[in-house]
Structure formats: C-alpha cells, structure tokens
Amino acid sequence: MYDIKALYEAKSVAHASQLLLEHPEAKVIAGGSDVLIQMREGKLAGATLVSIYGLDELRGITMEEDGTIRIGSLTSFSHITKNPIIQQHVNVLGEAVDMVGGPQIRNIGTIGGNTCNGVTSADSGSTLVAYDAIVELTGAEGKRLVPIREFYIKAGKVDLRPGEIETAILIKKESYEGYKGHYIKYAMRNAMDIATCGCSANVKLSEDKKTILDARLAYGVAGPVPMRAPSAEAAAKGKTVSEETVNAFAKAALDDINPRTSWRATKEFRLHLAEELARRALREAIKQSGGDM
C-alpha cells in the first residue's frame, strides 16, 4: 500500500537534522495524516522518510517565564484543544484545530505538520497569523525564529532550510494578553472537510468595553497563504464598539484579500464569505470580551 524507499527514525532533534542533511530528498513524517495519504495516492511514491514521531521533547504546551506560550511541534490537535493554558489564554486556537478532520485525525495530526504543509486552508494557520505567532526552527546551525507571516512563502512552500525541522510555535504575552478571539470555518459540510474559507478575528477592548483598542483579522483560503487583513484592522482600531464599526471592518477586509476560483467555490462567493465571516467573527470576539453588541 505504501511505496517507501527508506525510513529513518530520528533519536533526537540533532539526529533528525543530520539525517535530513544526509538525505536531502527525504520528507519529514510526524503523525503521518498528510504524508501517508499522499504516498497512498502515488504523489510521494518511493519516498525516503525521516520520522520525528518518537521525539517526545517536541510534545506539550508550556508557559515560559516571560509569559510566552510554547507549543511543541508534535503536539496533537486534541491536546491543544484540551490544554488549560490554551483554554485560558488563546481558546480560539483550540476551537480552530478542533475543526480539523475527525477525532482520529485530531489525535494523530500535529500542529507542526499543519503549519509546515504550507497550505492556506490549514485550520490553525489563520488563528496563528492573527496572534502573530513565531515559528521556532532548529537545524545544524542552531535555532531560528521566524514570524509565521514570513514563514509562509507561497502555496505549499514554507521557510524551512536544509536540515531544519520545526520544533515549536511561540505566542508572546503581548500578542494574547487582553485579547479574545473567534474562528469560523465555512466548508461544504460540517465535518471532515477542507475550509472553503476560514476567518479568525481577535479583539482587545478598553476597560469600559466601549472602545476597540486593537483588532486583528486573518484568513485562510483568501489568498495563496494564510494572511492578515490590515485595512480591516485599521478600520476598527480606536473605534467605538458598534454595528457601524463591525460593518466597516468587514467591508475593509475586501481590500486586502485575493481569493481564487476553484472547484470548491468561485472567487466572488469567497469574497462574499470573507466579508460576512469577518462581521460575525468580530462580533463574537467583542461579545467574548464583554462588549455589548
């Protein structure tokens, strides 16, 4: 069923880097929920694999001394959703990855695999972009930190250098403290489907809950990579909490995105979705923050 040329099991991060340098054509395999499917379809027939699945040091979620949330790259979607640190500080990320596939996929699929695939439809992508997440990459020359918006280069391609693997996702305290967010996935059906459009918004309100101090908006499937909508963010920042502000925010988002027509949906339909999802996501984020909508 699986045409595999060779399989190497990494004993450590350094060993994984060494194996990748020795076998530059090799593919990294973690949970395997994407790689094995591509192999079965024949797209990766005869591939050489480097497995990092046994590297338990890349699993788990911790909070560092400065308040940075550290998510190990091999942490499964289900563990992210159930983790108390995530639930308390960035619950929207847990909600987003809980929409990936079905329970079996969420138990085996990893946050590292989801981001390293470089696909715009990844359910984690837009929320991580909205929270200015940082990708930690480790290779023979040490660690490298890359803002996730720079990590995505183009459809299916990310900023991974030879011998590097993703070791963690970092979300700094200033990126999440005081913010509440909401993610909406629109798909052809309610389960086991890829997003036709994904939208993640988070907001920080004033102490009296009447002013939007800051708002962030990010999309999946609104362009070749997960992307922010700076025009929408500018349209809401410093404005009064109101339907007028929410509508201006949603309409301004259309200035920043460029979805394509595919067999799943036309460009025009995706633009309609993007505006409406932005409106609903911001409205819900405001409500979660204690604002009156």
Side-chain angles (χ1 to χ4, degrees), residues 31 33 60-61 63 69-73 75-115 117 119-133 148 169-172 175-205 214-222 226-229 232 246 249-250 253 273-274 276-291 293:
S33 57
I61 299 169
M63 182 171 286
I69 297 172
R70 180 184 180 87
I71 306 171
S73 61
T75 308
S76 71
F77 300 126
S78 1
H79 279 103
I80 291 172
T81 300
K82 296 173 184 176
N83 184 270
I85 294 174
I86 297 295
Q87 290 177 344
Q88 180 178 352
H89 300 288
V90 282
N91 191 49
V92 59
L93 178 59
E95 293 174 345
V97 299
D98 201 42
M99 297 182 188
V100 177
Q104 297 93 334
I105 293 174
R106 293 193 291 272
N107 285 340
I108 197 71
T110 64
I111 191 74
N114 205 226
T115 50
N117 275 341
V119 296
T120 185
S121 58
D123 288 304
S124 66
S126 54
T127 296
L128 290 173
V129 168
Y131 275 93
D132 290 323
I148 195 163
I169 297 284
L170 309 174
I171 305 177
K172 291 190 171 295
S175 295
Y176 68 79
E177 190 174 44
Y179 289 86
K180 293 291 184 181
H182 188 61
Y183 173 75
I184 304 175
K185 173 180 181 176
Y186 182 95
M188 300 290 284
R189 54 185 181 177
N190 290 330
M192 297 290 286
D193 202 0
I194 294 172
T196 303
C197 184
C199 175
S200 192
N202 59 54
V203 68
K204 185 176 186 178
L205 300 185
D214 194 22
R216 305 195 196 110
L217 180 67
Y219 287 102
V221 209
M227 58 195 301
R228 287 277 285 272
V246 170
F249 173 85
L273 282 176
E276 184 57 30
L277 295 186
R279 184 177 289 109
R280 296 184 187 189
L282 180 62
R283 190 182 290 135
E284 181 58 30
I286 288 171
K287 288 179 181 177
Q288 289 186 25
S289 298
M293 289 296 301

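Here the CD1 atom belonging to Ile171 is positioned 12.5 Å from the CZ atom belonging to Arg70, to the nearest 0.5 angstrom. The OH atom of Tyr131 sits 15.0 Å away from atom CD1 of Ile169, with the distance rounded to the nearest 0.5 Å. The NE2 atom of His79 lies 13.0 Å from the OG1 atom of Thr110; values are rounded to the nearest 0.5 Å.
Residues passing the side-chain hydrogen bond (donor to acceptor under 3.5 Å, both in side chains) test with Ser124 are Asn114, sequence neighbours excluded. Partners of Ile86 by side chain to side chain contact (heavy atoms under 4.5 Å, CB included), not counting sequence neighbours, listed by chain and number: Ile61, Ile69, Ile71, Ile80, Asn83, Val90, Leu93. Listed by chain and number, the residues in a side-chain hydrogen bond (donor to acceptor under 3.5 Å, both in side chains) with Glu276 are Arg279, Arg280 (sequence neighbours excluded). Annotation: ring-ring contact (aromatic ring centres under 6.0 Å, His included) contacts of His89 (sequence neighbours excluded): Tyr176. Partners of Ala222 by side chain to side chain contact (heavy atoms under 4.5 Å, CB included), not counting sequence neighbours, listed by chain and number: Tyr219, Met227, Ile257. With sequence neighbours left out, the side chain to side chain contact (heavy atoms under 4.5 Å, CB included) criterion links Ala130 to Ser200, Asn202, Ala218. Legend: residues meeting side-chain hydrogen bond (donor to acceptor under 3.5 Å, both in side chains) with Arg283, ordered by chain and number and at least two apart, are Glu243. For the side-chain hydrogen bond (donor to acceptor under 3.5 Å, both in side chains) test, no residue two or more places apart in sequence or in another chain qualifies with Ser289.
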What verdict does the side chain to side chain donor-acceptor pair (under 3.5 Å) test give for Ser78 and Asn107, after you've listed the backbone C-alpha separation in whole Å, the side-chain angles of each residue and the deciding distance to 0.1 Å?
CA-CA 5 Å; Ser78 1; Asn107 285 340; 2.6 Å; yes

Could you go through Leu217 and Arg228, starting from their C-alpha distance and side-chain angles, then the distance that decides it, and tell me whether this counts as side-chain contact (heavy atoms from CB on, under 4.5 Å)?
CA-CA 6 Å; Leu217 180 67; Arg228 287 277 285 272; over 6 Å; no

Could you go through the side-chain contact (heavy atoms from CB on, under 4.5 Å) check for Leu277 and Cys197 one step at a time?
CA-CA 9 Å; Leu277 295 186; Cys197 184; 4.0 Å; yes

side-chain contact (heavy atoms from CB on, under 4.5 Å) between Thr196 and Met188, intermediate numbers included
CA-CA 7 Å; Thr196 303; Met188 300 290 284; 4.1 Å; yes

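Summarising the geometry of Leu282 relative to Ala201, their closest heavy-atom pair is N-CB, 4.0 Å, with the distance given to 0.1 Å. Nearest heavy-atom pair, Ser33 versus Ile108, reported as atom, atom and distance to 0.1 Å: CB-CG2, 4.2 Å. Phe77 and Ile105 make their closest contact through CD1-O, 4.1 Å (heavy atoms, listed as atom of the first residue, atom of the second, distance). Across every non-hydrogen atom of Gly220 and Ser126, the tightest pair is N-CB, 3.9 Å.
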Give every donor-acceptor pair under 3.5 Å between a side-chain atom in residues 177-184 and any protein atom, sequence neighbours left out.
| unit_1 | atom_1 | unit_2 | atom_2 | d |
| --- | --- | --- | --- | --- |
| Tyr179 | OH | Asp214 | OD2 | 2.6 |
| Tyr179 | OH | Arg216 | NH2 | 3.2 |
| Tyr183 | OH | Asp123 | OD1 | 2.7 |

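At least one donor-acceptor pair under 3.5 Å links the side chain of Thr115 to the backbone N or O of Ile111. Under a 3.5 Å cut-off, the side chain of Thr120 and the backbone N or O of Val221 do form a donor-acceptor pair. Proximity of a side-chain donor or acceptor of Lys185 to a complementary backbone N or O of Ala96 within less than 3.5 Å is not detected.
Applying the salt bridge (Lys or Arg N to Asp or Glu O under 4.0 Å) test to residues at least two apart or on different chains, the pairs with a partner in residues 98-113 are Asp98-Arg106.
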